Colleague: 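Please find one structure pasted underneath; my questions will follow.
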Amino acid sequence: METQYLLTQNDMPTRWYNVAPDLPAPLPPALHPATLEPMTPDDLSAIFPMDLIMQEASQERFIEIPKEVQEILQLWRPTPLIRATRLEQALGTPAKIFFKYEGTSPTASHKPNTAVAQAYYNKIAGITRLSTETGAGQWGAALSMACNFFDLECKVYMVRVSYEQKPGRRSLMHMFGGQVTPSPSDETESGRALLANEANYPGSLGMAISEAVEIAMNNKNTNYALGSVLNHVLLHQTVIGEEALMQLEMAGTEADVVIGCVGGGSNFGGIALPFYRRNVTDGTKTRLVAVEPMACPTLTKGPYAYDYGDTAKMAPVVKMNTLGHDFVPSGIHAGGLRYHGVSPILALLHEHKLIEAVAYFQVPVFEAAALFTRCEGIVPAPESAHAIRAAIDEALDAKQKDDERTIVFNLSGNGFLDLASYDSYMAGKLEDYAYPEENIRQSLTKLPQVQF
Ligand SMILES: *Cc1c(COP(=O)(O)O)cnc(C)c1O
């Protein structure tokens with residue numbers, strides 16, 4: 001039996017899939033954070049290049065991937081689809097389990113798929129520097145790498161706790177020439193305002209976004225880049241699902257269920273949206289399951305409402321599931337899943353019951369990661385381990401019902417730079433933080449009142 005389903009570089013997708021024309025309803029407009037009126041392309045052009053602004057609002061089903069972007073993606077794409085036969089045996093399940101392995105990229109996650117595209121469009125627009133935020137460091141590393149390929153400077157605001165706890169990814173950013181500053185910092189007005197409140201803020205993604213957006217607004221040659229949530233980011237990630245569709249055909253099977261972890265929603269959107277297109281156009285019934293941490297349960301518990309994308313209210317206001325823009329989740333080890341909001345595309349699909357969502361505590365997630373490592377030999381990123389947990393539970397359900405379903409999950413990243421988290425798990429020091437109901441309730445009292 002074959003284990004790996006490999007495509008050649010000639011098979012690499014040459015177009016991204018844009019889900020917009022296939023959505024069950026139009027996406028509600030993004031609003032200006034100051035006026036709460038719909039944003040115009042002009043408003044967005046202060047921080048994004050026009051090509052990306054056009055992609056954000058595009059209604060074309062397919063968009064060509066520029067040659068310059070394809071050439072860099074080919075450094076690691078296509079990525080393998082692997083059948084987890086040893087995991088199947090360990091579970092004693094009749095189900096087939098496949099995973100798409102995005103940890104083979106140079107920075108070990110799916111994030112370079114969009115970082116390269118974003119750096120390219122900024123480069124051809126004449127921008128010389130990109131600013132961004134990063135939590136665990138995956139996005140900062142991906143963007144630093146992409147900027148390095150296109151001769152752009154890269155300025156990264158890294159959430160302070162992670163800056164101190166995850167020196168490995170900081171080094172990776174430095175290797176690619178990125179400049180990394182712990183956030184909140186004294187370099188920006190929003191950072192200084194926070195530090196005036198509390199000198200030792202551990203930081204949050206929402207705060208770091210405010211700092212990165214601020215310097216992009218104030219410098220003509222600097223633009224801002226976001227690693228998830230936005231429509232164009234999910235668009236760039238669809239190469240994952242397009243490849244997976246071809247690879248499942250090679251394997252002679254069809255996906256009954258496709259699973260991915262969700263922070264802002266880009267790796268899940270990347271694998272799931274091409275399967276969603278087939279559900280719409282071919283009438284297939286592939287279930288699409290988004291997996292989140294119980295400590296930050298955006299899709300499972302957050303209302304579908306307009307909210308700010310960041311703490312200082314500088315980023316666009318979008319309609320999504322949200323836990324409130326100043327909600328600070330507890331310090332779970334899956335740093336990439338600690339965002340208060342989620343992609344508006346996924347929120348809309350969830351609202352129409354076209355995707356499902358589940359949430360897990362971190363201890364069972366790490367148990368799943370340990371079993372996976374021992375069976376398949378790969379240490380997953382703690383974020384990706386959420387998808388593994390859900391895939392294992394699907395396989396156990398299939399076992400109980402004696403049903404040979406095909407399960408596909410996205411292994412969004414490798415965990416070699418997260419080994420300290422695994423040390424905590426093995427030492428029995430991981431906590432299952434309770435679902436933060438009261439904090440969320442308070443944070444939700446601060447949603448903007450909008451008329452849309
Ligand atoms: C950033 C990250 C995530 C979460 O982000 P999404 O945009 O939801 O994909 C998941 N897995 C890994 C490995 C990450 O680096």
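Everything numeric in this text was worked out from a predicted model, so none of it was measured.
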Colleague: Would you compute the distance between atom CE of Met314 and atom CE of Met217 and round it to the nearest 0.5 angstrom?
Modeller: 4.5 Å
Colleague: Before you tell me yes or no, could you show the steps for Phe409 and Ile271 under side-chain contact (heavy atoms from CB on, under 4.5 Å), namely the whole-Å CA-CA distance, both residues' side-chain angles and the distance that decides it to 0.1 Å?
Modeller: CA-CA 8 Å; Phe409 72 88; Ile271 193 163; over 6 Å; no
Colleague: Consider only side-chain N and O atoms of Thr181 and Lys155, and report whether a donor and an acceptor are under 3.5 Å apart.
Modeller: yes
Colleague: Going through the distances and angles, do Val156 and Leu143 end up as a side-chain contact (heavy atoms from CB on, under 4.5 Å)?
Modeller: CA-CA 9 Å; Val156 184; Leu143 194 68; 5.9 Å; no
Colleague: Please check if any side-chain donor atom of Lys100 sits under 3.5 Å from a side-chain acceptor atom of Thr79, or the reverse.
Modeller: yes
Colleague: Measure the acute angle between the ring planes of Trp16 and Tyr121, then classify it against the limits of 30° and 60° as parallel, tilted or perpendicular.
Modeller: tilted
Colleague: For the residue pair Tyr224 / Gln118, report whether a side-chain donor-acceptor contact shorter than 3.5 Å exists.
Modeller: no
Colleague: In plain terms, say whether Arg277 and Glu242 are close enough for a salt bridge, that is, a side-chain N and a carboxylate O under 4.0 Å apart.
Modeller: yes
Colleague: Can you find a side-chain donor-acceptor pair between His32 and Glu37 that sits under 3.5 Å?
Modeller: no
Colleague: At what distance, to the nearest 0.5 angstrom, does CG of Leu248 lie from CZ of Arg83?
Modeller: 11.0 Å
Colleague: At what distance, to the nearest 0.5 angstrom, does OG of Ser58 lie from CG of Leu235?
Modeller: 7.5 Å
Colleague: Output yes when Arg278 and Asp22 qualify as a salt bridge under the 4.0 Å nitrogen-oxygen rule, no when they do not.
Modeller: no
Colleague: Say you draw a straight line from CD1 of Ile407 to CZ of Phe98; how long is it, rounded to the nearest 0.5 Å?
Modeller: 10.5 Å
Colleague: Could you verify whether a donor N or O on one side chain and an acceptor N or O on the other, from Thr298 and Asn321, lie under 3.5 Å apart?
Modeller: no
Colleague: What is the ring orientation for His232 with His236, classed by angle as parallel under 30°, tilted 30 to 60°, or perpendicular over 60°?
Modeller: tilted
Colleague: Crowded around Met246 CE? As in, over 12 foreign heavy atoms under 6.0 Å?
Modeller: yes
Colleague: Are Glu254 and Arg405 within salt-bridge range, i.e. N to O under 4.0 Å?
Modeller: no
Colleague: If you count the non-hydrogen atoms of other residues, nucleotides and ligands that lie under 6.0 Å from CZ in Phe416, is the total more than 12?
Modeller: no
Colleague: Please report the C-alpha distance between Thr40 and Asp43 in whole Å, then the side-chain angles of each, then the deciding distance to 0.1 Å, and finally whether the side-chain hydrogen bond (donor to acceptor under 3.5 Å, both in side chains) criterion is met.
Modeller: CA-CA 5 Å; Thr40 62; Asp43 293 330; 3.2 Å; yes
Colleague: Any chance the side chains of Glu214 and Ser190 put a donor and an acceptor closer than 3.5 Å?
Modeller: yes
Colleague: For Ile355, which of Leu346, Val289, Val258 qualifies under side-chain contact (heavy atoms from CB on, under 4.5 Å)?
Modeller: Leu346
Colleague: Within a 6.0 Å radius of atom CD on Glu164, are there more than 12 heavy atoms belonging to other residues, nucleotides or ligands?
Modeller: yes
Colleague: Could you give me the CA-CA distance, side-chain angles and deciding distance for Met12 and Val239, then say whether side-chain contact (heavy atoms from CB on, under 4.5 Å) is met?
Modeller: CA-CA 8 Å; Met12 217 185 80; Val239 290; over 6 Å; no
Colleague: Could you walk me through whether Glu187 and Tyr157 pass the side-chain hydrogen bond (donor to acceptor under 3.5 Å, both in side chains) check?
Modeller: CA-CA 10 Å; Glu187 295 177 357; Tyr157 290 94; 2.9 Å; yes
Colleague: Ion pair present between Asp326 and Lys446, side-chain N to carboxylate O less than 4.0 angstrom?
Modeller: yes
Colleague: When you compare the side chains of Arg77 and Asn113, does any donor N or O come within less than 3.5 Å of an acceptor on the partner?
Modeller: yes
Colleague: Would you say Tyr120 and Asp51 are linked by a side-chain donor-acceptor pair, where the criterion is simply a distance under 3.5 Å?
Modeller: no
Colleague: Hydrogens and angles aside, do Asn410 and Tyr101 bring a side-chain donor and acceptor to less than 3.5 Å of each other?
Modeller: no
Colleague: Between OG of Ser109 and CD of Gln138, what distance do you get to the nearest 0.5 Å?
Modeller: 4.0 Å
Colleague: In Å and rounded to the nearest 0.5 Å, what is the CG to CZ distance from Asn219 to Arg129?
Modeller: 5.0 Å
Colleague: How about Ser105 and His110: does a side-chain donor come under 3.5 Å of a side-chain acceptor?
Modeller: no
Colleague: With salt bridge (charged side-chain N to carboxylate O under 4.0 Å, His left out) as the criterion, how do Lys166 and Asp418 come out once you've worked through the C-alpha distance, each side chain's angles and the decisive distance to 0.1 Å?
Modeller: CA-CA 8 Å; Lys166 308 235 167 186; Asp418 302 290; 3.1 Å; yes
Colleague: How are the rings of Tyr308 and His325 set relative to one another: parallel (under 30°), tilted (30 to 60°) or perpendicular (over 60°)?
Modeller: perpendicular
Colleague: Taking the basic N atoms (NZ, or NE/NH1/NH2) and the acidic carboxylate oxygens, is any pair closer than 4.0 Å for Arg192 and Glu211?
Modeller: no
Colleague: Would you kindly say whether Gln70 and Thr14 are connected by a side-chain donor-acceptor distance under 3.5 Å?
Modeller: no
